[in-house]
Q: 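Before we start, here is the structure in question, set down as structure tokens.
Numbered from 1 within each chain, the chains take letters A, B, ... in sequence-line order. Every heavy atom of this structure was used, including side-chain atoms; hydrogens, water molecules and symmetry mates were not.
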Protein chains: 2
Amino acid sequence: MPRPVTIRTVARMAGCSIATVSRVMNGTGPASVEAETRVRAAVAELGFRPSEIGRSLKTLRTRTLGVVIPSLTNPVFASSVAGIEAEARKHGHVLLVTATDYDPGRERELVDTLVAQSVAGLVMTVADPDSNPTLDHLDTAGIPYVLVYNEPQRSGRAAVTVDNAASGRTLTRAFIDKGHARILFVGGRFSSSDRSRLRYRGYALAMREAGLQAAPVLELDYLADVAAHRVALETLFAVQPCPSALICSNDLLALSIAAAVRDMGLRVPQDISVAGFDGISIGRLVSPSLCTIDQPTRLMGERAVQRLFELIACTGLRAVEHLPFRLRLGESIAAAPEDTGIGPLATLTA
Amino acid sequence: MPRPVTIRTVARMAGCSIATVSRVMNGTGPASVEAETRVRAAVAELGFRPSEIGRSLKTLRTRTLGVVIPSLTNPVFASSVAGIEAEARKHGHVLLVTATDYDPGRERELVDTLVAQSVAGLVMTVADPDSNPTLDHLDTAGIPYVLVYNEPQRSGRAAVTVDNAASGRTLTRAFIDKGHARILFVGGRFSSSDRSRLRYRGYALAMREAGLQAAPVLELDYLADVAAHRVALETLFAVQPCPSALICSNDLLALSIAAAVRDMGLRVPQDISVAGFDGISIGRLVSPSLCTIDQPTRLMGERAVQRLFELIACTGLRAVEHLPFRLRLGESIAAAPEDTGIGPLATLTA
DNA sequence: CTGTTAGCGCGTTCAT
DNA sequence: ATGAACGCGCTAACAG
């Protein structure tokens with residue numbers, strides 16, 4: 001393998017010392033025009049590019065950022081990573097990307113792996129941003145990180161997110177304004193998503209504000225298939241009146257729930273309205289287009305990297321930054337049908 | 001920052017030399033039970049983890065793989081990266097992920113960046129796998145890589161893909177079998193995707209075999225929005241009969257085209273059938289569910305990594321490996337409506 | 001079985 | 001303006 005082209009190779013060809021080569025390449029220190037010319041010629045000829053490893057070992061820091069997310073196959077995370085990658089590249093950094101596959105227990109292992117790679121900092125989306133030993137460890141180790149999507153309630157942790165509770169409230173209000181009363185919140189497992197929890201909280205608040213009774217969340221695995229989701233819905237509807245609206249804790253789940261509803265022979269939105277969160281772009285393409293909370297997903301990734309660099313430069317704040325969200329009504333939401341059923345979900349508390 | 005815990009710190013605490021620590025950690029060479037115990041205790045106490053940088057500098061290789069793809073926001077690539085990441089992690093490797101944003105000119109720059117990071121190898125999806133200076137460079141530099149999705153026609157390049165031409169033929173036949181004759185192929189820019197080109201080739205072959213005339217591809221930017229796609233379709237249909245079926249070169253484009261068709265007041269599939277390629281999972285959730293060519297996307301990523309490690313170990317073959325695809329009919333394909341229009345697209349050549 | 005030592009590729013003093 | 005020498009964290013070869 002013809003690959004031993006090091007700084008020494010260049011120095012030899014340019015007829016100078018490695019120090020001069022280093023100075024020319026990094027623009028540090030003085031160098032005669034003549035020497036610089038010869039060095040640049042040699043560099044071009046050899047196609048030399050300094051090894052990041054050698055550089056890192058010396059400077060004790062890398063141009064590498066670590067990324068930890070639950071999964072790449074959820075467009076939401078993929079899109080935030082796209083933003084992270086673009087912004088990192090702008091700053092001459094590369095990304096080490098890892099996924100927990102929704103197993104919070106793997107967070108620590110992945111972080112350790114990335115730390116062993118001497119990453120300059122981390123961008124993460126974790127299951128629980130408040131009570132999290134892994135983040136505690138990063139804090140004490142002094143390794144900078146910024147959370148994305150997570151919304152830590154106690155301060156001291158840098159995060160870029162939207163106000164999830166407020167978005168849940170906004171979305172729920174849209175349904176209430178359209179006359180819905182029997183609104184069910186369908187969520188992914190709370191244990192693996194603080195977003196889901198907070199969005200439910202917003203839902204519950206909006207319901208209470210409207211004098212309606214918030215139903216308990218229907219918690220299910222959002223990665224399961226349509227058939228499983230259908231079974232879950234049918235099981236629930238067997239013991240209580242069918243809701244007129246389903247608010248799902250994310251768009252992928254909403255698409256699956258909508259499919260399950262159709263499988264049950266019901267129409268979306270005429271019989272049941274369905275909505276999600278995240279604003280994945282595919283939601284605009286499907287029919288009926290998905291009612292959702294639009295989020296600047298890619299921008300969130302970019303902002304996270306910007307703030308990470310601020311933290312690295314010790315000019316950053318460890319605070320939660322909220323980016324604006326926007327209600328996208330779409331076609332999967334309709335006015336509530338004539339309300340006939342009376343039952344737990346429909347009980348007016350006022 | 002309390003972060004100077006090196007192999008020396010451990011040696012000091014364990015009361016031995018750094019060599020012993022290294023031997024214990026790597027399981028290389030002998031070590032007394034007593035020494036090993038003390039070392040392990042110190043390692044646990046300090047939370048020591050050897051720096052990959054130091055190790056790499058010495059061994060001249062890393063446990064890092066580079067990934068170059070067009071974009072993370074296309075579920076197809078995201079899903080293959082998910083497979084790549086999982087398989088790499090199994091082998092104790094991490095991933096440096098970069099995206100060209102569909103700009104082939106950026107391939108070289110990204111590869112250089114990754115090579116400067118001394119990646120052990122690369123997994124890539126490029127615009128043109130045959131005439132590609134960047135790949136030539138990797139070949140001469142002796143840096144192992146495996147292509148995913150790309151299907152190099154001339155040999156000498158390792159790739160994991162499906163038979164794109166065959167899949168195009170299979171999908172087109174399905175339409176012909178359902179009585180379609182006016183079938184239009186809608187493709188992303190050929191210049192940025194050999195898959196698109198090869199799928200069109202399969203389409204053209206199937207048409208010819210059936211005695212039908214293959215229409216020229218309608219080439220458009222698959223990242224454009226629905227409105228732009230609608231304009232493109234309307235412009236074309238203004239000068240020639242409306243086709244009864246649209247075969248799109250990938251699923252994301254197919255979803256957008258289906259939306260555009262609906263915007264035009266036509267029904268899918270009653271008025272026009274629509275199909276795509278790739279088998280993205282969301283295609284199963286939408287209504288009508290998407291007719292597509294199912295591909296083992298994630299598996300392709302995993303296989304690519306397996307083969308990359310074979311190449312690194314010099315036991316691998318630089319050949320194209322085809323994984324099986326499967327026609328998924330879905331609901332977006334229907335029997336051809338009564339054929340009334342006669343025009344360029346409908347001309348029978350037989 | 002263990003400690004000492006020589007680099008790996010680079011940036012950075014310190015002399016010159 | 002330039003070069004020699006050192007050390008970053010680690011592994012491996014060798015000496016003991």
Q: Should we say atom CZ of Arg106(B) is surrounded by more than 12 heavy atoms from elsewhere, each under 6.0 Å from it?
A: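 Yes, enclosed.
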Q: Separation of Arg12(B) atom CZ from dT4(C) atom P, in whole Å?
A: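 Whole-Å distance recorded here is 14 Å.
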Q: Which nucleotide in the list dG3(C), dT2(D), dC10(D) gets nearest to the side chain of Arg8(B)?
A: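 The closest nucleotide is dC10(D).
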Q: When you check the phosphate oxygens OP1 and OP2 of dG3(C), does a side-chain N or O of Ser17(B) lie under 4.0 Å from one of them?
A: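 Answer is yes, contact under 4.0 Å.
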Q: Would you mind classifying the nucleic acid contact of Pro30(A) as base, sugar-phosphate or nothing, using non-hydrogen atoms under 4.0 angstrom?
A: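 Base: the residue Pro30(A), judged by heavy atoms under 4.0 Å, touches a nucleobase.
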Q: Using whole Å, report how far CD1 of Ile53(A) lies from P of dG11(C).
A: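 The distance from CD1 of Ile53(A) to P of dG11(C) comes to 13 Å, rounded to the nearest Å.
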Q: Which one, dT11(D), dC10(C), dA12(D), comes nearest to the side chain of Ile7(A)?
A: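 That would be dC10(C).
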Q: What integer distance in Å separates Arg23(B):CZ from dA13(D):P?
A: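 That distance rounds to 12 Å.
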Q: Can you tell me how far P of dG9(C) sits from CZ of Arg49(A), to the nearest Å?
A: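 Rounded to whole Å, this separation is 17 Å.
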Q: Would you say that more than 12 heavy atoms from the other residues, nucleotides or ligands in this model lie under 6.0 Å from the CZ of Arg318(A), or not?
A: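 Open: at most 12 neighbouring heavy atoms sit under 6.0 Å from CZ of Arg318(A).
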Q: Does either side chain, that of Glu151(A) or that of His322(A), offer a donor lying less than 3.5 Å from an acceptor on the other one?
A: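 Short answer, yes.
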Q: For Gln153(A), I'd like to know if atom CD has over 12 heavy atoms of other residues, nucleotides or ligands within 6.0 Å.
A: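 More than 12 within 6.0 Å, yes.
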Q: Give, ordered by number, those residues of residues 55-63 of chain B having at least one heavy-atom distance below 4.0 Å to an atom of DNA chain C; if nothing qualifies, reply none.
A: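 Going residue by residue through residues 55-63 of chain B, the ones with a heavy atom under 4.0 Å of DNA chain C turn out to be Leu57(B), Lys58(B), Leu60(B).
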Q: Closest heavy-atom contact between Gly83(B) and Glu302(B)?
A: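 It is O-CG, 3.4 Å.
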Q: Compare the minimum distances between each of dC10(C), dA12(D), dT2(D) and the side chain of Phe48(A), then state the nucleotide with the smallest one.
A: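 Of the candidates, dC10(C) comes closest.
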Q: Could you state the CE-P distance from Met25(B) to dA12(D), rounded to the nearest angstrom?
A: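 Atom-to-atom, Met25(B) to dA12(D), this comes out as 14 Å.
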Q: Between Ala19(B) and Ser32(A), who's closer to the 5' end of DNA chain D by nearest nucleotide?
A: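 In this pair, the answer is Ser32(A).
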Q: Please check this pair: side chain of Tyr149(A) against backbone of Asp194(A), looking for a donor-acceptor N/O pair closer than 3.5 Å.
A: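 Flag not set: sc Tyr149(A) to bb Asp194(A) has no pair under 3.5 Å.
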Q: Could you state the atom-to-atom distance from CD of Glu52(A) to C1' of dG9(C) in whole Å?
A: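 Taking atom C1' of dG9(C) as the reference, CD of Glu52(A) is at 12 Å.
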Q: Among the candidates dT13(C), dC10(D), dT11(D), find the nucleotide nearest to the side-chain atoms of Thr6(B).
A: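 The closest nucleotide is dC10(D).
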Q: From the options dC10(D), dG3(C), dG11(C), select the nucleotide whose nearest atom is closest to the side chain of Ile18(B).
A: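 From the listed options, dC10(D) comes nearest.
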Q: Pair Asp130(B), Arg157(B) - check salt bridge (Lys or Arg N to Asp or Glu O under 4.0 Å), show working.
A: CA-CA 9 Å; Asp130(B) 282 309; Arg157(B) 285 188 169 146; 5.5 Å; no
Q: Is Ser22(A) close enough to dG11(C) that one of its side-chain N or O atoms is under 4.0 Å from OP1 or OP2 there?
A: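 So the side-chain polar atoms of Ser22(A) do come within 4.0 Å of the phosphate oxygens OP1 or OP2 of dG11(C), strictly under.
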